[in-house]
Every structure is written in C-alpha cells, then in structure tokens.
Trainee: 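Okay, here's the structure, questions in a sec.
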Amino acid sequence: MEKREQLYEGKAKKVYTTDDPGLYIVSYKDDATAFDGKKKGTIADKGVVNNTMSNILFALIAERGVPTHFVRQLSDRETLVKAVTILPLEVIVRNVAAGHFSERYGVEEGTPLLRSALEFSYKRDDLGDPLINDDHVLALGLATEGEIAQVKEYAAKVNEVMKEFFLDKGLKLIDFKIEFGKLGDGTIILADEISPDTCRLWDVETNEKMDKDRFRRDLGKVEETYREVLSRVSGN
Ligand code: UDP
C-alpha cells in the first residue's frame, strides 16, 4: 500500500490517503509538544516506539472485543489504518490522581481513586481543549446519546484490558487519553494512538514515571524511558 496525498499533519503524526478510500496511512514523528504546544522538542525514535506500541495494544484491545482502526504495520513508523472521522472528544480515563485532575480537585498525585473516572475534553486547540460534560456534548451536537454510551462502554473495557496488560509488565496505568472515530456507516471504533505520550505509566516497584511526564517536567532519561516501555510492552 502506497501513500498518496498528505491529508493532515498533527503534532505527533502525519496522515496520508491511499489508493483505497477506506484506508489511510499514519506516519509517526519524533516531535514532542506539551502545555498546548508552548513546550516543543524531539524525542529520538519516539515515532518508532509509539507506532509499535500502539499497534500491539490495538491488536490486544480488538481481540477483547473493542473494534479499532488498526489494519497492519507497514514499517517502523508507518501503519495502515481504517479511514475514520475523529469524534472531537478526548476521552480520558483515570485510575489514580495525577496531572490536571490533581491540580483541579486538589488531590495529591498518586492518590488512588475510589473508582475509575472518565472525562471528556472538547478537541479544540484554539480553546485549549476544555473539559466538557455529556450535556454540553449533546447541546453542541458533537455526538449523540448512543455514541456517548458506546464510547463510555468501550473506554471502560480499554481501561480493564490495559490495566491488566501493563501490570503484567510491571507498570501501573495511572490515566490515559483515547480517541474514537466514525466509519462511513456510523460505526464507532477506537482510533489515534496509545503510547507513553497518551498514558501515564508508573513503575510498580519504584513509582518512577515511565511516560511523557519525563519530557513535560524535564525529568531526564526521556529516550531511555520510551525505549524501556516498548521493550517491556513487546516482551523483550
Ligand atoms: N493526555 C493526552 N493528550 C492531551 C491531554 C492529556 O494524551 O492533550 C493524556 C495525558 O498523557 C494523561 C491523561 O491524558 O495520560 C490525563 O491528562 P491530564 O488531563 O492530567 O493533562 P496533562 O497533565 O497530561 O496535560
């Protein structure tokens, strides 16, 4: 499968059309941004790590009954995916307080939550991706009630599958962000990526941060950490 036209270039990936209107090629970059693009940098080989790791997770998640956009990996950095229209919602699931949740609600980072908590952010860079509730989503026509229910059911399943998977690799799944897309017939499937850019992962033994917070917070060993996470995830 060959790339045709570049459709889109985001912060971490480019998307290309192919000869098949139902398929796109995603190409992962090493560029890293944080704090609404105010912090910029590159993480060597992040594109390779995020591509490979996303595909391992998408394959596992699909096996467990949540449909995904993953078709097949083409190279280190490129993957063939189903063409979807992305729902303009970041779906965040939290198991342990961290990041914005800790700041917003005054809960110390690392505090386990009594139950997992799902939140939506409205994907609007110009507005800083504001937190949004179900009523707002419906009022703005961003998704239907049925779509919201489907997204929540899939997000809960993805959390269960990933918590168990990462724990087996010595990693605690603190929180993560996923995105969903719609196929031409309206079917909702999991899309975008799942990587140390989009998950908080802490080492089970040491609580060391094994994710993009090393870049965001200048904690050092950024490249090493991404490589280590891939190595654990791929079972090497
Ligand atoms: N996240 C993401 N993209 C975003 C915002 C958040 O992938 O634009 C992920 C982030 O890596 C973390 C989770 O979603 O795993 C929750 O992030 P939070 O709301 O605490 O914001 P952050 O502190 O990461 O900006």
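Every number for a ligand or one of its atoms is a count from 1 in the order of the listing. Note that the coordinates shown come from a computational prediction; the quantities given were computed from them, not determined experimentally.
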Trainee: I need the minimum non-hydrogen distance between E179 and L89, along with the two atoms involved.
Mentor: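 Looking at all heavy atoms of both residues, the shortest contact is CG-O, 4.0 Å.
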Trainee: May I ask you to decide whether E228 forms a salt bridge with K169, counting only side-chain N to carboxylate O separations under 4.0 Å?
Mentor: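 No, this pair does not count.
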Trainee: Got a donor-acceptor contact below 3.5 angstrom from the T68 side chain to the F70 backbone?
Mentor: yes
Trainee: Could you pull out all residues at least two apart from Y28 that satisfy ring-ring contact (aromatic ring centres under 6.0 Å, His included)?
Mentor: none
Trainee: Do the ring planes of H69 and F58 sit parallel (below 30°), tilted (30 to 60°) or perpendicular (above 60°)?
Mentor: perpendicular
Trainee: Is it the case that K172 places NZ or CZ above or below the six-membered ring of W202, under 6.0 angstrom from the centre and within 45 degrees of the axis?
Mentor: no
Trainee: Output the set of protein residues with a heavy-atom contact under 4.0 Å to ligand 1, ordered first by chain identifier and then by residue number.
Mentor: E90, I92, R94, A98, G99, H100, D175, F176, K177, D197, T198, C199, R200, R216
